[in-house]
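In the text below, chain A, chain B and the rest are named by the order of the sequence lines, each starting its count at 1. Computed from heavy atoms alone, side chains included, the values below leave out hydrogens, waters and symmetry copies.
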Amino acid sequence: MTTKGSPARKKPALEALQATIARLEGHKSHKRAVLPFGVKEIDARLPGGGLVLGALHEVAGGGTDALNATAAALFAAGIAGRTRGKVLWIVTRQDIFAPALDQAGLAARRVIHVEASSDNDALACFEEGLRHGGLGSVVAEVGRLTMTASRRLQIAAEGTGTIGLAVRRWRRQTEAADFGQPTASTTRWRVSVLPSAPLPVPGVERPRWMLELLRARSGECADFEVEGCDANGRIESCGVALPASVADGAHQEEAGQRRA
Amino acid sequence: MVSLYLPLWPTERIRKKLGNAAPETPLALAGREGSRRVVMSADLAARKIGVTPGIPVAKAQALYPDLTIMDADPDGDRAGLEALALWFQRRIAPIVAVDASGGLPDGIVMDTTGTDHLHGGEPAMLDAVVRRLADSGFTAKVTIAGTWGAAHALARYGRGRIIIVPDGGIPDTLSNLPIEALRLPAAVIEGLRTLGISRIGKLAAMPRAPLTLRFGPELERRLDQAYGRIAEPILAVRPVDPVSVARNFAEPIGAAETIARYIGKLVPVLCEGLDARGDGIRLLDLLLHRLDSQTQTIRIATARPARDAKHLTRLLCEKIETIDPGYGIERMELVAVLAEPMEVRQRVSSLIEEEEADISGLIDTLANRVGGESLYRFAPVESDIPERSVCRVPALAPDDGATWPVGWPRPTRLLSRPEPVQAMAELPDQPPIFFIWRGIRHRVRCADGPERVFGEWWKGDTELTIARDYFRIEDTAGDRFWVFREGDGEHGETGSQRWFMHGLFA
């Protein structure tokens, strides 16, 4: 969460060197397509200005219980809803309520649900879906995600440009320690629920989330406070006091424009 | 082995064929036996009044003047059974045949080895078979046993509509059955009866040599078949003129790589055959005939007619690990059980709309891995009751455009069954002030509701009066829940007024 000092403009020699490294590493040299969130604060923090499409992204719920895994799933639904084409949603235990996905911008007719019998089966289906290339995105609720598995998924996604969203979900708190292990995902998010803004009348306001970008390849960590997905799968930044890292919003905007 | 016995097939088939024109009186079917006209089959009502197969028509008419007598149609009966066998082949198992081993064709035999789990286990499968037939107006008895002989005997002479003989249970179950159950010629039965032998158990205990000397080898063969000492292969029905290819091996094969190689060789040949007809595969069986005359099968299904050799080869090869080659496989046979014309679809003009990629290949691959049942879409159902408002439809089912009503937010996760919570709330329509769920106390900060859901009285009397009041609740930590009270908070008959947790919002 280091934000002090605006990123210096890249020098041509450095850019050339980076391009060479990228070529050696086997990445495609052209700029990768991204899916912006449409929230300036977040997009500015992501290299390329959004979530890289042909890549694996990880989302976990903050805290301990099923509730936060719920927020993670809805966050993933919002992203998947904004991709084009059919979406594969892989689970090992089915408790998704389709009308809610619909309300988060992911229409039921677009989602093909797969109920796998084990995490391993789920990962195999995940990879198969990413490798196919005809899908808009693949979402999988998985528990363990090893370096090897995530690397396979990342490569499969890179090959086709399909976005892979791993929603990390654990049955027991002890298993959640697995989230500390490194994986090959391009970004790693944690979504926790926050109390919604108070309404003048009794009632529940649009949900709020604490969105933590825990890892971004060639990017930095950041925290955001956002309002949950609307009917088009979009999240919105809360115009209220943000955590220190993004509190200096104007400055971030500038940085984002320069990078874009 | 599953033996299905249809005791009243001829009469029930005619009644079904005639539909509303079927006679209401007892029905018998007559045919010629030599120079006499005799009753070939009779329905239940006719049997009750003494009209049994085998009696002369004149006698039957004398017994009951109102009896309807129609001409028997053995060829039609046989054809009907074959059509039914084909139907079973598509639904239940690849190896199915009309069972005429007892003389007349009166049932169906199936080898369901390795396929029963697809139908939820043996009892569920048999139950579904009997129920489906009963719904269509056919009386059926069904037995599953280790051998065709035993299954055949029990289906016809055992008690109960559904009989399942456990492994190793054949000697016990057979011993009490009459010798008629053994599918022997009438002359042999008569001879045995003269000797005072009426039960299979007694016959099986007798020394073999004298019996064979007197009655010929047939007797011992049928006994051995029933007890599973010698194999009795089923000559499976085949769809009319199916596309199939086969290959015999001079040297039996067994290694997975070898099987895969030959699958790779057979599939393109099959696809050529399909291509000539313009058909694509929906259901494809790979039959592996082993040296010990057992047959292993692999069945794959596709969501749309498919003719891509690479795709089909891959689907088959993914299942190789389920094959037990035994001492070796001497013949491989690939049969297109169900083929349908390839769809000719109109391409969407790229100027107007981006064409959506064809993912039927992916669906097949996934379905073969996790099972077709585990691959679905959710579709809206018109119901106010949340758990009834979604249904599962096949992954590639066309979209009917239905949607859920917008307005009321729905939870992302719905608990499979509502969990009771302890809550404190003001009646009649206030949200709880606090509640305890899974041992944790939540203080409510704000809430939306109630959203009243009424029971669906057309589903049953119990739902006539019930109601649920749903609240969307946020606790002080920001966690959002969907809780409901059973009842409207005022009237006892609307529900127990207890609180339940039903879902979680993000």
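- Taking CZ from B:Arg369 and CG from A:Asp121, the interatomic distance works out to 5.5 Å, rounded to the nearest 0.5 Å.
- With chain A as the partner, the residue from B:Arg392, B:Arg410, B:Glu387 showing the most heavy-atom pairs under 4.5 Å is B:Arg410.
- No part of B:Pro431 comes within reach of chain A, as not one of its non-hydrogen atoms sits under 4.5 angstrom from that chain.
- Each of B:Leu414, B:Thr365, B:Val390 has some count of heavy-atom pairs under 4.5 Å with chain A, and the biggest count is that of B:Leu414.
- For A:Val111, the part lying under 4.5 angstrom from a heavy atom of chain B is the backbone only.
- Contacts between B:Ala379 and chain A at a heavy-atom distance below 4.5 Å are absent for every atom of the residue.
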Stepwise, does the side-chain contact (heavy atoms from CB on, under 4.5 Å) test hold for A:Trp89 with B:Arg377?
CA-CA 10 Å; A:Trp89 195 298; B:Arg377 282 195 303 111; over 6 Å; no
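- More than 12 non-hydrogen atoms from other residues, nucleotides or ligands lie less than 6.0 angstrom from CZ of A:Arg82.
- The distance from atom CZ of B:Arg413 to atom CZ of A:Arg169, rounded to the nearest 0.5 Å, is 3.5 Å.
- Using bins of under 30°, 30° to 60° and over 60° for the plane-to-plane angle, the ring pair B:Trp482/A:Phe97 lands in the tilted bin.
- Per-residue counts of heavy-atom pairs under 4.5 Å with chain B were compared for A:Cys125, A:Ala100, A:Ser196; the largest is that of A:Ser196.
- Contact of B:Pro386 with chain A is made through backbone and side chain together, with heavy-atom distances under 4.5 Å.
- Contact annotation for B:Ile363: only side-chain heavy atoms (C-beta onward) come within less than 4.5 Å of a heavy atom of chain A.
- Interface residue A:Gln103: only side-chain heavy atoms are found under 4.5 Å from chain B.
- Both the backbone and the side chain of B:Thr412 come within less than 4.5 Å of a heavy atom in chain A.
- Salt bridge absent: A:Glu205 and B:Arg480 never bring a charged side-chain N and a carboxylate O closer than 4.0 Å.
- Only the side chain of A:Asp102 comes within contact range of chain B, judged by heavy atoms closer than 4.5 Å.
- When side chains are defined from C-beta on, B:Leu415 does not count as touching A:Asp95, because their heavy atoms never get closer than 4.5 Å.
- A salt bridge between A:Glu128 and B:Arg314 is present, with a side-chain N of the basic residue lying under 4.0 Å from a carboxylate O of the acidic one.
- Only the side chain of B:Arg445 comes within contact range of chain A, with heavy atoms under 4.5 Å apart.
- Atom CZ of A:Arg206 is surrounded by more than 12 heavy atoms from other residues, nucleotides or ligands within 6.0 Å.
- With a 4.5 angstrom heavy-atom cutoff, B:Leu366 touches chain A only via side-chain atoms.
- Only the side chain of A:Leu88 comes within contact range of chain B, with at least one heavy atom under 4.5 Å from a heavy atom of that chain.
- Only the side chain of A:His132 comes within contact range of chain B, judged by heavy atoms closer than 4.5 Å.
- The most heavy-atom pairs under 4.5 Å with chain A, out of B:Gly503, B:Ala395, B:Pro411, come from B:Pro411.
- Heavy atoms of A:Ser117 lying under 4.5 Å from chain B are absent altogether.
- When the candidates A:Ala108, A:Ala104, A:Ala124, A:Pro99 are compared by the number of heavy-atom contacts under 4.5 Å with chain B, A:Pro99 comes out ahead.
- Looking at B:Thr403, there are no atoms closer than 4.5 Å to chain A (heavy atoms on both sides), in backbone or side chain.
- From B:Tyr376, atom OH reaches atom CD1 of A:Ile112 across 12.0 Å, with rounding to the nearest 0.5 Å.
- Of the two parts of A:Trp209, only the side chain, counted from C-beta on, holds a non-hydrogen atom closer than 4.5 Å to a non-hydrogen atom of chain B.
- Surrounding CZ of A:Arg144 are at most 12 heavy atoms belonging to other residues, nucleotides or ligands under 6.0 Å away.
- In this structure, B:Val370 and A:Glu115 have side chains that are not in contact, with every pair of non-hydrogen atoms separated by 4.5 Å or more.
- Heavy-atom contacts from other residues, nucleotides or ligands closer than 6.0 Å to CZ of A:Arg109 number 12 or fewer.
- Only the backbone of A:Leu194 comes within contact range of chain B, with at least one heavy atom under 4.5 Å from a heavy atom of that chain.
- Counting heavy-atom pairs closer than 4.5 Å to chain A, the top residue among B:Ala477, B:Ser389, B:Gly371, B:Ser374 is B:Ser374.
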